[in-house]
Q: 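There's a structure below that I have some questions on.
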Amino acid sequence: MGTDFEFDPLLIETAIELRIRSAVDRLAHRLESDFRRQADRIYAETAVDAVREAKFRTVYHSLFEKLGYPEVFQESLADFPLITKRLRKIVVFQARQSGDEGADLPGNQDASAGNNQAALYITAGSLTDGAKLDSFLKFSWLQLQDLVNPEFVYTGDAVFAGRHPAEVQQLTRAYSLLWALYADYRMRKAGWAATDKYAERLSVLDQLSGGQAAEFQPWLDAHRTITHEHLAEAARGLQQQRRRLRSGAICECGFCGFPAAEFVMTGDIPDKGILKDAIGTFYPDVHGAICGQCQERLEIMITTAGAGHASQHQESRQEETSLGN
């Protein structure tokens, strides 16, 4: 079974126009000449906008194929047989910016069924840069291969279940960084050119870990296989190190899990039991100390809930008075 590609018409159009505007080589000049010739014919044949748009889409698609982009994508999958085995189609969309680029497997799919489709987001600039495109595709296929590989056991954010949402967000960012470096690591191990973001990722890891980026590759080498849980465990360790570096605090808030310079013991909160009762009711696992920010959030929640209850009580009283009249 092979994997088919479907390209977003907007991406095709943007890429062709970008190639035409770049017109720095003989191929680009021929492309521009071919496009202008067909455009003149379309304008001469019809004045109906809808018909013109349809014909222009056909022209863009034809030039896209003439430049060999579909073949480039197909050939890049040659080293990733697991993808061609598990995925029926990959839809390639135009990304708004480089930060949005990458592969994605929609949720609720059984990758082992072999009839699923994935999405790939890429900017027109990355698509039309030949050297960059090759590295980008290999990097994206490595991560997509992880998603469809049963041995990788990808479970998304579920691996951080039970933690405060703010902490999950931070852990997810750390995980994304480590996962990207894992893909870069495999690219270099295979003798492929690293992506242009490799050095930047190493620098970020160095900042977050206090200069321990050099230890990440030995950590990867020490594992025969790397799973989603392995990377999640490393992300948790990285986040813990980041907390210590930023605050110097050892104690953590029992609510959000983050360190703070000052804490409030839940048993010492002077609110006549309202806040303590709320913590016991809605967050029974929280014991000991909570940071000032979490205390403030909880107080706002209680105040808001109290105001809503008072409003409902007032409306009920007004209705009773109205009915009594």
Side-chain angles (χ1 to χ4, degrees), residues 1-39 41-42 52-106 116-145 147-148 180 183-184 187 190-197:
M1 168 186 168
T3 301
D4 295 326
F5 283 92
E6 178 182 325
F7 296 90
D8 178 9
L10 179 60
L11 173 63
I12 293 176
E13 179 179 340
T14 307
I16 295 302
E17 290 184 347
L18 185 61
R19 285 295 300 270
I20 290 175
R21 288 197 301 270
S22 67
V24 293
D25 55 27
R26 186 176 300 176
L27 177 61
H29 284 297
R30 288 204 303 267
L31 180 68
E32 180 180 16
S33 177
D34 193 1
F35 177 79
R36 299 304 177 196
R37 177 177 53 78
Q38 296 191 62
R41 188 182 70 248
I42 290 172
R52 280 180 175 175
E53 290 178 6
K55 290 186 175 183
F56 269 110
R57 281 196 296 270
T58 300
V59 171
Y60 282 121
H61 191 272
S62 173
L63 295 177
F64 189 76
E65 290 188 335
K66 185 177 292 187
L67 289 172
Y69 284 118
E71 287 79 6
V72 169
F73 277 73
Q74 284 288 357
E75 291 171 1
S76 71
L77 278 181
D79 294 308
F80 305 91
L82 187 59
I83 293 179
T84 58
K85 180 181 178 181
R86 300 293 175 105
L87 294 176
R88 172 179 53 85
K89 179 192 292 186
I90 297 176
V91 183
V92 186
F93 296 98
Q94 176 168 280
R96 291 175 298 178
Q97 54 190 5
S98 60
D100 298 327
E101 291 182 318
D104 181 42
L105 185 68
N116 301 285
Q117 68 179 37
L120 178 70
Y121 298 86
I122 182 173
T123 62
S126 295
L127 178 64
T128 55
D129 185 334
K132 185 176 181 179
L133 177 60
D134 181 64
S135 295
F136 170 79
L137 290 178
K138 285 184 169 65
F139 175 89
S140 299
W141 301 152
L142 280 167
Q143 292 201 314
L144 185 57
Q145 183 173 257
L147 293 175
V148 301
D184 283 323
M187 289 186 69
W192 300 331
T195 64
D196 59 346
K197 298 179 181 179

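Residue numbers start at 1 and run along the sequence shown. Quick note: numbers below take in every heavy atom, side chains included, and nothing from hydrogens, waters or symmetry partners. Everything numeric here is computed off the predicted structure, so don't read it as measured data.
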Q: Does some side-chain heavy atom of Phe64 sit less than 4.5 Å from a side-chain heavy atom of Leu127?
A: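 Yes - at least one pair of side-chain heavy atoms lies under 4.5 Å apart.
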
Q: If the condition is side-chain hydrogen bond (donor to acceptor under 3.5 Å, both in side chains), which residues does Glu6 pass it with, not counting sequence neighbours?
A: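 Partners of Glu6 by the side-chain hydrogen bond (donor to acceptor under 3.5 Å, both in side chains) criterion, ordered by chain and then number, come out as Lys89.
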
Q: Which heavy atom in Leu142 sits nearest to a heavy atom in Ala183, and how many Å separate them?
A: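 Minimum heavy-atom separation between Leu142 and Ala183: CD1-O, 3.4 Å.
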
Q: For Leu67 and Ile16, which heavy atoms make the closest approach, and how far apart are they?
A: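 Taking Leu67 first and Ile16 second, the nearest heavy atoms are CD1-CD1, 3.7 Å.
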
Q: Can you name the closest pair of heavy atoms from Thr3 and Thr84 and give their distance?
A: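 Nearest heavy atoms, Thr3 then Thr84: OG1-CA, 3.0 Å.
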
Q: Can you list everything that forms a side chain to side chain contact (heavy atoms under 4.5 Å, CB included) with Glu71? Sequence neighbours excluded, please.
A: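 So Glu71 forms a side chain to side chain contact (heavy atoms under 4.5 Å, CB included) with Glu75.
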
Q: How many angstroms lie between atom CG of Asp129 and atom CG of Asp134, to the nearest 0.5 angstrom?
A: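 Asp129 CG to Asp134 CG: 10.5 Å, rounded to 0.5 Å.
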
Q: Of all residues at least two apart in sequence or in a different chain, which pass the side-chain hydrogen bond (donor to acceptor under 3.5 Å, both in side chains) check with Lys197?
A: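 Lys197 satisfies side-chain hydrogen bond (donor to acceptor under 3.5 Å, both in side chains) with no residue once adjacent residues are dropped.
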
Q: For Ser76, what residues pass the side-chain hydrogen bond (donor to acceptor under 3.5 Å, both in side chains) criterion, not counting sequence neighbours?
A: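 Listed in chain order: Trp141.
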
Q: To the nearest 0.5 angstrom, please state how far the CG atom of Leu120 sits from the CG atom of Leu144.
A: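 Reported to 0.5 Å precision, the distance equals 8.0 Å.
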
Q: Residues two or more places apart in sequence or in another chain: which of them pass ring pair (Phe, Tyr, Trp, His ring centres under 6.0 Å) with Phe73?
A: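 Phe5, Phe7.
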
Q: Quick one: list whatever passes side chain to side chain contact (heavy atoms under 4.5 Å, CB included) with Thr14, sequence neighbours left out.
A: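 Listed in chain order: Leu10, Gln94, Ala124.
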
Q: Considering residues at least two apart in sequence or located in another chain, which fulfil the salt bridge (Lys or Arg N to Asp or Glu O under 4.0 Å) criterion with Glu53?
A: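 Not a single residue meets the salt bridge (Lys or Arg N to Asp or Glu O under 4.0 Å) criterion with Glu53.
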
Q: Under the rule for salt bridge (Lys or Arg N to Asp or Glu O under 4.0 Å), what residues qualify as partners of Lys132, not counting sequence neighbours?
A: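 Counting only residues at least two positions away or on another chain, Lys132 forms a salt bridge (Lys or Arg N to Asp or Glu O under 4.0 Å) with Asp196.
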
Q: Taking all heavy atoms of Phe93 and all of Asp8, pick out the closest pair and write down the distance.
A: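 The answer is CA-CB, 3.8 Å.
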
Q: Mind checking side chain to side chain contact (heavy atoms under 4.5 Å, CB included) for Ala180 and listing every partner two or more places apart, or none if nothing turns up?
A: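 By the side chain to side chain contact (heavy atoms under 4.5 Å, CB included) rule, Ala180 matches Phe139, Gln143, Arg201.
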
Q: If we ignore hydrogens and angles and just use 3.5 Å, is the side chain of Thr128 paired with the main-chain N or O of Arg19 as donor and acceptor?
A: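 No; zero donor-acceptor contacts below 3.5 Å.
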
Q: If every non-hydrogen atom of Phe136 is compared with every non-hydrogen atom of Tyr121, which pair is closest and at what distance?
A: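 Closest approach of Phe136 to Tyr121: CZ-O, 3.4 Å.
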
Q: Could you list the donor-acceptor pairs under 3.5 angstrom formed between side-chain atoms of residues 96-106 and any protein atom two or more places apart in sequence or on another chain?
A:
{"residue": "Glu101", "atom": "OE2", "partner": "Thr123", "partner atom": "N", "Å": "2.9"}
{"residue": "Glu101", "atom": "OE2", "partner": "Thr123", "partner atom": "OG1", "Å": "2.9"}
{"residue": "Glu101", "atom": "OE2", "partner": "Ser126", "partner atom": "OG", "Å": "2.7"}

Q: To check you understand the geometry: which heavy-atom pair defines the closest contact between Phe80 and Lys138, and what is its length?
A: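 Closest pair (atom of Phe80, atom of Lys138, distance): CZ-O, 3.8 Å.
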
Q: Which distance, rounded to the nearest 0.5 Å, do you find between the CD of Gln145 and the CG of Leu82?
A: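 If we round to the nearest 0.5 Å, Gln145:CD and Leu82:CG are 5.5 Å apart.
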
Q: Mind checking salt bridge (Lys or Arg N to Asp or Glu O under 4.0 Å) for Asp4 and listing every partner two or more places apart, or none if nothing turns up?
A: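 Asp4 satisfies salt bridge (Lys or Arg N to Asp or Glu O under 4.0 Å) with no other residue.
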
Q: Tell me every residue that passes side chain to side chain contact (heavy atoms under 4.5 Å, CB included) with Arg37, counting only those two or more places apart in sequence or in another chain.
A: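 Expected list: Asp34, Arg41.
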
